[in-house]
2 protein chains.
Amino acid sequence: MSRSLKHVTIREYVRDLVAGSAPGTVAPSERDLVDRFGVARMTVRQALDALVGEGVLERVPGRGTFVAAPQRTPTGVLGFTEEMARRGMVAEARTLLAERVPSGEGLASALQVTPGAPLVRWRRLRMADGRPVCLCETYLVERRVPGLAEALPDSLYDDLARRGLRPTWSEDVLTACAAAAEEARLLEVAVGAPVLRHDRRACSGEIVVEVSRTVYRGDHHAVSLLLRG
Amino acid sequence: MSRSLKHVTIREYVRDLVAGSAPGTVAPSERDLVDRFGVARMTVRQALDALVGEGVLERVPGRGTFVAAPQRTPTGVLGFTEEMARRGMVAEARTLLAERVPSGEGLASALQVTPGAPLVRWRRLRMADGRPVCLCETYLVERRVPGLAEALPDSLYDDLARRGLRPTWSEDVLTACAAAAEEARLLEVAVGAPVLRHDRRACSGEIVVEVSRTVYRGDHHAVSLLLRG
DNA sequence: TAGTGGTCTAGACCACTAT
DNA sequence: TAGTGGTCTAGACCACTAG
């Protein structure tokens with residue numbers, strides 16, 4: 001009670017009220033809410049302003065307030081498993097290597113730890129619908145993901161989400177190269193065939209969660225992105 | 001005059017006032033603005049709310065309002081010229097072709113026009129610091145950029161900005177391929193050398209502005225991205 | 001004409017920060 | 001203690017939409 005501000009009460013009331021409603025559904029009018037909660041109109045507007053800012057509601061002058069159309073695609077920093085699921089494909093992975101290694105200088109800097117700090121190095125061959133798609137080498141800071149190396153998850157990003165470390169943004173660098181011998185063998189392409197190299201540094205807020213390098217077959221995969229801004 | 005709302009007047013006054021100020025600089029207090037403009041405090045708050053929402057200002061209860069720290073990298077749908085500038089390189093372009101073509105079905109659908117609508121097809125060899133970097137083929141809807149084909153700009157994205165069509169979001173697909181004969185010749189690499197293909201559909205709000213395919217030399221260029229979400 | 005959101009007023013009390 | 005932003009009141013007039 002003492003802690004609940006009126007505009008927050010109203011905001012959450014309206015949020016619950018319209019949750020699950022189809023876009024275009026009428027929301028309560030400002031004056032309705034004034035009557036219902038016995039507050040000033042500015043207070044109601046403050047509550048609705050927040051929901052409009054979040055994209056939950058839409059105002060139409062002279063007509064009313066309505067449930068907004070769903071946001072345009074959440075861009076999203078997606079993991080491989082999610083990316084494949086979005087395309088209706090089944091992602092699999094064969095772990096080639098999972099070990100603890102002390103971090104060198106470059107990785108320490110990228111992961112924001114002191115050189116020598118224990119890292120988890122995880123190397124996987126990833127497949128979609130049974131065919132090799134990419135080779136992925138991921139480095140994680142061990143103390144940020146305790147126990148991960150002992151019980152490797154099916155989907156790294158799912159596991160990170162459960163730890164409250166879902167990547168919220170990432171820096172990505174993409175480049176085209178020729179497949180090296182080992183890459184070629186594992187990806188089942190000729191040596192020198194074009195491959196797409198994807199380096200990522202994924203962060204959850206201020207915390208660097210993952211540094212990875214993924215090498216995709218050029219002929220069977222494309223990286224799709226939705227940029228904003 | 002009759003068209004200028006008070007909160008807009010105040011918002012733009014403050015925006016100009018703090019433009020170029022260092023992050024952390026004190027902005028006028030709400031009561032200062034009340035006095036200066038002779039308005040109610042709610043009106044001032046409405047103006048400042050907008051700037052806070054845009055990330056221009058930051059409020060600190062009990063202390064004041066301040067110029068916000070720069071947004072974490074504007075993610076940015078960047079054009080080639082801007083991308084190069086950010087790396088401290090000089091971008092140049094050699095126009096290989098600029099012509100009007102009727103749109104086929106695929107392009108018409110991507111650009112949201114009726115098949116046959118006149119398009120501008122613009123093909124450029126792009127260079128950074130004098131060396132060929134990529135081959136870029138851009139399609140634009142002629143009636144959305146009248147006069148562009150007659151006076152080709154140095155930077156497409158600059159030109160679009162002046163027309164109020166600065167891309168605000170884009171769909172991008174990246175893949176690795178082997179260079180075809182003509183690509184190889186123009187980019188000065190061997191036939192079959194790995195190249196990075198970047199397909200983009202750039203939009204300004206609801207309007208599709210550009211559809212392009214860019215082929216980068218694999219060895220001299222990487223596409224960098226910052227994803228959010 | 002009745003209802004809606006958009007704008008605006010002229011105050012008020014609170015918790016917090018800095019001096 | 002003085003100043004700041006955060007919250008809130010109880011009204012008002014406007015332009016617009018719909019029946």
Side-chain angles (χ1 to χ4, degrees), chain A residues 1-19 21-69 71, chain B residues 1-19 21-71 205:
Chain A
M1 276 302 299
S2 61
R3 282 242 50 79
S4 65
L5 302 174
K6 295 188 180 182
H7 77 266
V8 173
T9 306
I10 299 167
R11 191 223 300 152
E12 296 311 317
Y13 167 81
V14 175
R15 192 202 299 282
D16 288 351
L17 199 65
V18 304
S21 302
T25 305
V26 189
S29 81
E30 298 181 355
R31 285 161 180 90
D32 278 356
L33 293 166
V34 165
D35 293 345
R36 172 180 300 271
F37 288 93
V39 298
R41 193 163 153 232
M42 286 308 302
T43 307
V44 166
R45 284 185 65 78
Q46 187 177 6
L48 296 186
D49 278 344
L51 294 174
V52 169
E54 287 180 38
V56 174
L57 298 180
E58 224 170 3
R59 289 201 246 246
V60 183
R63 297 224 307 127
T65 306
F66 305 88
V67 177
Q71 305 286 60
Chain B
M1 278 304 300
S2 60
R3 283 243 49 82
S4 65
L5 303 173
K6 294 189 181 183
H7 77 266
V8 173
T9 306
I10 298 168
R11 190 223 299 152
E12 296 310 317
Y13 168 80
V14 176
R15 192 201 300 282
D16 288 351
L17 200 64
V18 305
S21 301
T25 305
V26 189
S29 80
E30 297 181 355
R31 286 161 180 90
D32 278 356
L33 293 166
V34 165
D35 293 345
R36 173 180 300 270
F37 288 94
V39 297
R41 191 160 153 233
M42 287 307 301
T43 307
V44 166
R45 284 185 65 79
Q46 186 177 6
L48 297 186
D49 278 345
L51 294 173
V52 169
E54 287 180 38
V56 174
L57 297 181
E58 224 170 1
R59 289 203 245 246
V60 183
R63 298 224 305 128
T65 305
F66 304 88
V67 177
Q71 306 285 61

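In what follows, chains carry the letters A, B, and so on, assigned in the order in which the sequence lines appear, proteins first and then strands, with residues in each chain numbered from 1. This one's a predicted model, so the numbers in the text were calculated from it and none came from an experiment.
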When rounded to the nearest 0.5 Å, the distance separating OG1 of B:Thr25 from CG of B:Leu57 is 10.5 Å
Per-nucleotide pairing state of DNA chain D [Watson-Crick or G-U, under 3.5 Å; [ ] pseudoknot-crossing; | other strand]:
||||||||||||||||||.
Nearest-Å distance for atom pair CG/P, residues B:Leu51 and D:dG5
13 Å
Contacts of B:Ala50 meeting side-chain contact (heavy atoms from CB on, under 4.5 Å) (sequence neighbours excluded), chain-then-number -> B:Arg11
Any salt bridge between A:Glu30 and A:Arg59, counting N to O under 4.0 Å?
yes
Rounded to the nearest 0.5 angstrom, the CZ-OG1 distance for A:Phe37 and A:Thr43 is 11.5 Å
By salt bridge (Lys or Arg N to Asp or Glu O under 4.0 Å), which residues pair with A:Arg15, not counting sequence neighbours?
A:Glu12, A:Glu54
For A:Lys6 and D:dG6, what is the distance between atoms NZ and P respectively, to the nearest whole Å?
19 Å
Nearest whole angstrom, please: distance from the P of D:dC8 to the NE2 of A:His7.
6 Å
Given D:dT7, D:dG5, C:dG5, which nucleotide is nearest the side-chain atoms of A:Leu5?
D:dT7
Return the OG to CZ distance between A:Ser29 and A:Arg36, rounded to the nearest 0.5 Å.
10.5 Å
Taken to the nearest whole Å, CG/B:Leu48 to P/D:dT4 is 13 Å
Checking B:Gln46 now: which residues fulfil side-chain contact (heavy atoms from CB on, under 4.5 Å) with it, not counting sequence neighbours?
B:His7
Measure CD1/A:Ile10 against C1'/D:dC8 and give the value in whole Å, please.
10 Å
Taken to the nearest whole Å, CD/A:Gln46 to C1'/C:dT7 is 16 Å
Could you state the interatomic distance from CD1 (B:Ile10) to CG (B:Leu51), rounded to the nearest 0.5 Å?
10.5 Å
Quick one, give me the B/S/- string for nucleotides 14-19 of chain D, reading 5' to 3', where B means a protein heavy atom under 4.0 Å from the base and S means that only happens at the primed atoms, P, OP1 or OP2.
--BSS-
In residues 33-44 of chain B, what residues come within less than 4.0 Å of DNA chain D, judged by heavy atoms?
B:Arg41, B:Met42
